[in-house]
Amino acid sequence: MSGLHMESIAIGIAWCLAWGEGREPQFDPSVLQEMRRALTSGEEVPAQVREIVDRVRELLAIPDNISREEFPETITDLENKYPNLWNQPGKIGLVYGGVTKVKQYVFEDAKLPDIRGASALLDRINLVDLPAFFGKHPESNRYNIHFAKVREWLDENFSGESKLSKALIPEMIVYSTGGNILAFCPAAFVNELTDAIEKRYYFETITANSCAVGDRFKLLEIRFGLLRNPIEQTFWLDKYRQEYKNPLVEAYFGKLDRESKESCIAAPSCVEEAFADRKSFNELTTKLAVMFNQRRSGNDFEENDLEKRPSRRYPPMLETHPYLQRDESDRRSAIARATDNPDNRSEKGLPGSPWFSEVSARKRKAGDRAKKGEIKQTHWYAEWHPAVIEGWVDKFEDFLEKHPVKLHKYCHVCDIESVKIAESLTQLGSTSNGFVAYIYADGNNMGGYIQKITTPQEYQNFSEDVDNATRYAVYQALSEHLHPRPAQENDKSDRNFVWIHPFEIITIGGDDIILIVPADRALAIAKTIGEQFEQILLKQVEIPGVEIKGNYQTPPSEKPIDISKCHRYLSQNAVVSNCQLSTSIGVLIADYKTPIYYAKKLYEQLLKSAKKRAKDLKKHGYCGGTVDFLVMKSVTALSSSIEEFRKEALTKDSPQELKLYAAPYTLHEIGGLIESVKALKKAEFPKSQLYQIRSFLEQGKNTTILNYRYFRTRLKDGNSEILKKEFEEAWCKPKDPENNGNLAPWMSVIEQNKRTVYETIWREIVDIYDFIELENYEFIPEYLVDVEVES
């Protein structure tokens with residue numbers, strides 16, 4: 001019998017079945033290794049495991065999307081059609097786990113090095129340590145020694161009767177991105193593997209919350225979802241036809257509404273399709289997700305065929321005392337102070353001699369390692385070393401080195417080797433006149449797309465595709481809009497300067513992105529991230545060495561897309577988004593002194609607002625990204641939520657409803673907003689008049705229109721036409737095509753109740769006016785200008 005090359009996930013499934021349900025393999029380990037090698041190369045497998053491999057191949061032969069005619073009508077039909085798969089002895093373990101309350105751990109410290117270290121430590125555990133359990137080598141050779149140490153740790157802590165590491169292989173991993181891992185394992189090691197995942201996070205971070213759960217399933221369940229034993233008791237298609245309108249059934253399978261059909265992700269059009277979408281591998285992952293939430297919440301649950309695990313009701317917590325010294329976060333008792341070593345003057349502490357608890361000390365050391373790429377010996381805390389940590393800037397530089405054109409565009413003013421990472425938010429803010437921008441992006445339509453996934457291999461492909469699209473969208477945006485910038489080396493009194501990367505990547509995980517960038521490039525970067533994410537998934541932008549395996553093209557829509565209802569800016573010029581997945585982005589521009597925990601609350605609200613806008617636009621067929629932003633020029637500028645602030649302070653009823661803002665925006669609109677600001681600058685529109693027109697907005701629609709036209713007529717020759725073309729005709733045309741007038745600076749929006757609401761971008765133009773620059777602009781800090789003048 002000649003072999004056929006088998007996909008990696010299938011090899012992992014075959015290994016689990018061949019291992020058996022005991023702690024010791026049912027075949028000699030050499031037979032399992034030979035089977036793995038043969039399946040990888042497409043050669044003949046050993047005779048002892050041939051029947052098992054045949055069952056796995058039979059599972060693979062089932063189409064991803066079974067037609068209505070082929071899908072088993074009754075549970076008896078399923079049993080008769082696939083008797084070998086149901087009767088295959090043994091079960092397979094499936095484990096899901098990862099870190100929880102990520103932002104609570106990462107942002108509990110206010111300083112950038114600590115945040116960087118916390119994020120880098122979690123990334124390394126998820127991307128390197130957990131895959132190392134399965135023997136999967138990291139892409140970077142920097143982790144070779146660390147990889148061996150992780151394997152040693154696993155054997156020391158989880159040896160038992162048979163070593164856990166011997167039972168795991170890389171092909172079992174479905175995905176390990178975005179802070180979570182999903183993987184198969186032999187049935188006997190489910191609890192041991194979940195305990196190892198949780199313990200690794202605690203061992204490295206002490207307080208980062210983690211959770212992992214697992215269960216065992218029969219081979220047929222991997223393709224057709226959960227099946228009862230005896231199988232005849234399973235709720236199947238014939239019963240679903242009769243009960244699909246039952247509220248309880250709808251709550252589980254989803255409501256089947258044949259009339260509502262979105263263009264982004266095709267909803268089930270019939271009973272068979274709705275049932276097939278649910279009864280797949282997706283049902284197993286849903287069960288694990290429910291178990292994950294139960295365990296994370298501290299609830300006890302016990303499966304029939306799994307031993308009871310210790311409760312996670314009491315997460316790691318370090319007690320403190322009112323009379324003990326605490327660390328800078330004021331959460332835990334301090335164990336060390338970063339002062340100069342009195343016995344060795346060459347061993348320096350940190351500015352201000354801060355106190356550290358063991359948790360915060362680990363974050364700081366991990367942050368130093370991620371920043372400098374080398375272990376920094378600290379006399380004030382020498383009990384723990386962060387091992388290897390590859391920071392996001394290291395990965396970005398690797399990307400640039402593989403793309404010489406982008407390297408030259410990004411770093412044409414200096415040598416990349418001489419560019420450093422920002423020491424603090426103060427140094428980062430100095431590159432943009434004291435302002436920074438927080439960019440928080442998250443994927444849209446992810447849940448709807450996942451519900452259509454039916455096999456483990458599709459899950460793996462989807463995870464890799466989204467991770468690649470997210471990561472390279474960020475790299476593309478940063479290399480397109482930024483260059484290294486000069487910054488003061490230490491403090492404001494220091495006249496020396498160094499070249500630094502003017503950004504900080506807090507995290508890129510799955511479909512989540514958190515960045516800190518210069519305020520004057522924030523909106524352009526956000527727009528490019530959203531566009532590149534979609535274009536990479538659609539294979540319109542090729543990244544060398546990266547293959548997008550899934551098909552993310554939107555299905556044909558029965559509803560025509562009215563693009564004029566999607567975009568308020570030159571809708572006829574907008575490109576229709578054909579990607580099923582997109583991103584919503586919140587951008588907060590603020591003074592660098594703004595506390596990070598406060599900034600976090602605001603940009604999370606902005607992201608939520610952008611997502612709501614994206615959801616509303618889906619009704620009109622828009623599947624692309626959205627952006628909401630806020631400019632906060634003083635720390636105490638906003639005391640309530642952004643939604644309440646806009647509703648109470650920026651919405652007027654006199655007599656029409658007037659919105660003195662237009663956010664959130666589509667990606668096309670955010671590009672138009674940037675162009676409109678540039679047009680105002682080209683027209684040399686007096687800045688004082690920008691503020692005057694903004695002050696007239698609250699006095700009503702007609703008063704504002706009159707004053708705007710008065711100011712426009714006073715512009716210099718030619719500049720009035722620029723403003724008319726780039727602002728009035730682009731944004732302020734009436735919705736009635738037969739009306740040739742304009743409402744500048746207002747635009748009308750007809751809501752669902754047929755009520756006309758007037759909104760304006762003018763206030764937001766004023767807000768971002770100082771943060772949008774014309775082309776060919778290079779930022780030079782004021783203190784460097786002073787140096788040049790003095791010289």
Identify the heavy atoms of Leu60 and Ala10 that sit nearest to each other, and give their distance. CD1-CB, 3.6 Å

Start with the C-alpha distance between Val466 and Tyr449, add both sets of side-chain angles, then the distance that settles side-chain contact (heavy atoms from CB on, under 4.5 Å), and finish with yes or no. CA-CA 12 Å; Val466 171; Tyr449 190 90; over 6 Å; no

With a 4.5 Å heavy-atom cut-off, do Asn84 and Gln88 have their side chains touching? no

ring-ring contact (aromatic ring centres under 6.0 Å, His included) with Phe134: which residues, sequence neighbours excluded? none

Distance in Å, Ile169 CD1 paired with Trp15 CH2, rounded so as to fall on 0.5 Å steps: 5.5 Å

For Pro230, which residues count as a side-chain contact (heavy atoms from CB on, under 4.5 Å) partner, sequence neighbours excluded? Glu232, Gln233

Atom OG1 in Thr455, atom CD in Gln460: separation rounded to 0.5 Å? 10.0 Å

Does atom NZ of Lys81 have more than 12 heavy-atom neighbours from other groups under 6.0 Å away? yes

Side chains of Leu606 and Tyr438, heavy atoms from C-beta outward: is any pair under 4.5 Å? no

Atom pair NE2 (His137) and CZ (Phe147), whose distance is rounded to the nearest 0.5 Å: 4.0 Å

Apply side chain to side chain donor-acceptor pair (under 3.5 Å) to residues Ser165 and Asp155 and explain how you reach the verdict. CA-CA 7 Å; Ser165 61; Asp155 289 340; 2.6 Å; yes

Glu221/Lys287 under salt bridge (Lys or Arg N to Asp or Glu O under 4.0 Å): CA gap, chis, key distance, verdict: CA-CA 12 Å; Glu221 291 180 293; Lys287 180 181 180 181; over 6 Å; no

Do Ile197 and Ser210 come close enough that some side-chain heavy atom pair is under 4.5 Å? no

Checking side-chain contact (heavy atoms from CB on, under 4.5 Å) for the pair Arg613/Leu617: CA distance, chi angles, key distance, verdict? CA-CA 6 Å; Arg613 175 69 173 169; Leu617 290 177; 3.8 Å; yes

Relative to each other, are the rings of Tyr459 and Phe281 parallel, tilted or perpendicular (30° and 60° limits)? perpendicular

For Asp512 and Val102, run side-chain contact (heavy atoms from CB on, under 4.5 Å): C-alpha distance rounded to whole Å, both residues' side-chain angles, the deciding distance at 0.1 Å, then the answer. CA-CA 12 Å; Asp512 280 358; Val102 179; over 6 Å; no

Classify the side-chain pair Ser582/Asn444 by whether it contains a donor and acceptor separated by less than 3.5 Å. yes

Please test Glu643 against Ser609 for side-chain contact (heavy atoms from CB on, under 4.5 Å), starting from the C-alpha separation and ending with a verdict. CA-CA 8 Å; Glu643 183 179 7; Ser609 174; over 6 Å; no

Any salt bridge between Lys239 and Glu243, counting N to O under 4.0 Å? no

One should read off an interatomic distance between Leu130 CG and Ile173 CD1, to the nearest 0.5 angstrom, of 8.5 Å

Let's go through Glu272 and Arg241 carefully: what are the C-alpha distance in whole Å and the side-chain angles of both, what is the deciding distance for salt bridge (Lys or Arg N to Asp or Glu O under 4.0 Å) to 0.1 Å, and is it a yes or a no? CA-CA 8 Å; Glu272 295 85 356; Arg241 290 184 190 278; 2.7 Å; yes

Under 6.0 Å from the ring centre and within 45 degrees of the ring axis: does the NZ or CZ of Lys199 meet both conditions for the six-membered ring of Phe158? yes

Can you see whether Asp123 engages Trp392 through a side-chain donor-acceptor pair at a distance of less than 3.5 angstrom? yes

Under the ring-ring contact (aromatic ring centres under 6.0 Å, His included) test, which residues partner Tyr440, sequence neighbours left out? Tyr603

Can you check salt bridge (Lys or Arg N to Asp or Glu O under 4.0 Å) on Glu604 and Lys608, steps first, answer last? CA-CA 6 Å; Glu604 286 178 344; Lys608 184 178 179 181; over 6 Å; no

For Gln26 and Ala18, indicate whether the former's side chain and the latter's backbone hold a donor-acceptor pair under 3.5 Å. yes

Return the minimal non-hydrogen interatomic distance between Leu78 and Leu227, and the atom names on each side. CD2-CD2, 4.1 Å

Within the side chain of Arg151, is there an N or O that forms a donor-acceptor pair under 3.5 Å with the backbone of Phe133? yes

If we count only N and O atoms by modelled type, under 3.5 Å, do the side chains of Thr177 and Asp467 hold a donor and an acceptor together? no

Any side-chain heavy atom of Leu284 sitting closer than 4.5 Å to one from Leu226? yes

Name the residue from Arg124, Arg362, Lys149 that meets the salt bridge (charged side-chain N to carboxylate O under 4.0 Å, His left out) definition with Glu204. Arg124

Going by the rule side-chain hydrogen bond (donor to acceptor under 3.5 Å, both in side chains), which residues pair with Glu390 if we only count those two or more places apart in sequence or in a different chain? Arg142

Carefully, step by step, assess Glu192 and Arg23 under the rule salt bridge (Lys or Arg N to Asp or Glu O under 4.0 Å). CA-CA 11 Å; Glu192 198 166 348; Arg23 295 191 61 86; 2.7 Å; yes

Would you find more than 12 non-hydrogen atoms of other residues, nucleotides or ligands less than 6.0 Å from Tyr252 atom OH? yes

Less than 4.5 Å apart, any side-chain heavy atom of Val213 and any of Gln294? no

Shortest non-hydrogen contact from Ala196 to Trp153? O-CH2, 4.0 Å

By the ring-ring contact (aromatic ring centres under 6.0 Å, His included) test, which pairs, at least two apart or in different chains, include something from residues 166-190? Trp19-Phe189

Taking the side chain as everything from C-beta on, heavy atoms only, tell me whether Glu108 gets closer than 4.5 Å to Arg332. yes

Contact check, side chains of Thr470 and Ile513, non-hydrogen atoms, under 4.5 Å: yes

Using 30° and 60° as the class boundaries, would you call the ring planes of Trp236 and Phe71 parallel, tilted or perpendicular? parallel

Does atom NZ of Lys136 have more than 12 heavy-atom neighbours, drawn from other residues, nucleotides or ligands, at distances under 6.0 Å? no

In Å, rounded to the nearest 0.5 Å, how long is the span from CZ of Arg200 to CG of Asp195? 15.0 Å

Set of residues satisfying side-chain hydrogen bond (donor to acceptor under 3.5 Å, both in side chains) with respect to Asn293, sequence neighbours excluded: Arg296

To the nearest 0.5 Å, what is the distance between NZ on Lys363 and OG on Ser357? 8.0 Å

Would you call Pro89 and Leu17 a side-chain contact if the rule is heavy atoms closer than 4.5 Å? no

Atom CD of Glu139: over 12 foreign heavy atoms under 6.0 Å: no

Smallest heavy-atom separation, Thr205 atom then Tyr201 atom, equals OG1-O, 2.6 Å

Measure across Asn461 and Tyr552 and return the closest heavy-atom pair with its distance rounded to 0.1 Å. O-OH, 4.1 Å

Of all the heavy-atom pairs spanning Lys452 and Gly448, show the shortest one and how long it is. CG-O, 3.5 Å

Would you say the side-chain atoms of Lys611 pair up with the backbone N or O of Gly443, donor to acceptor, closer than 3.5 Å? yes

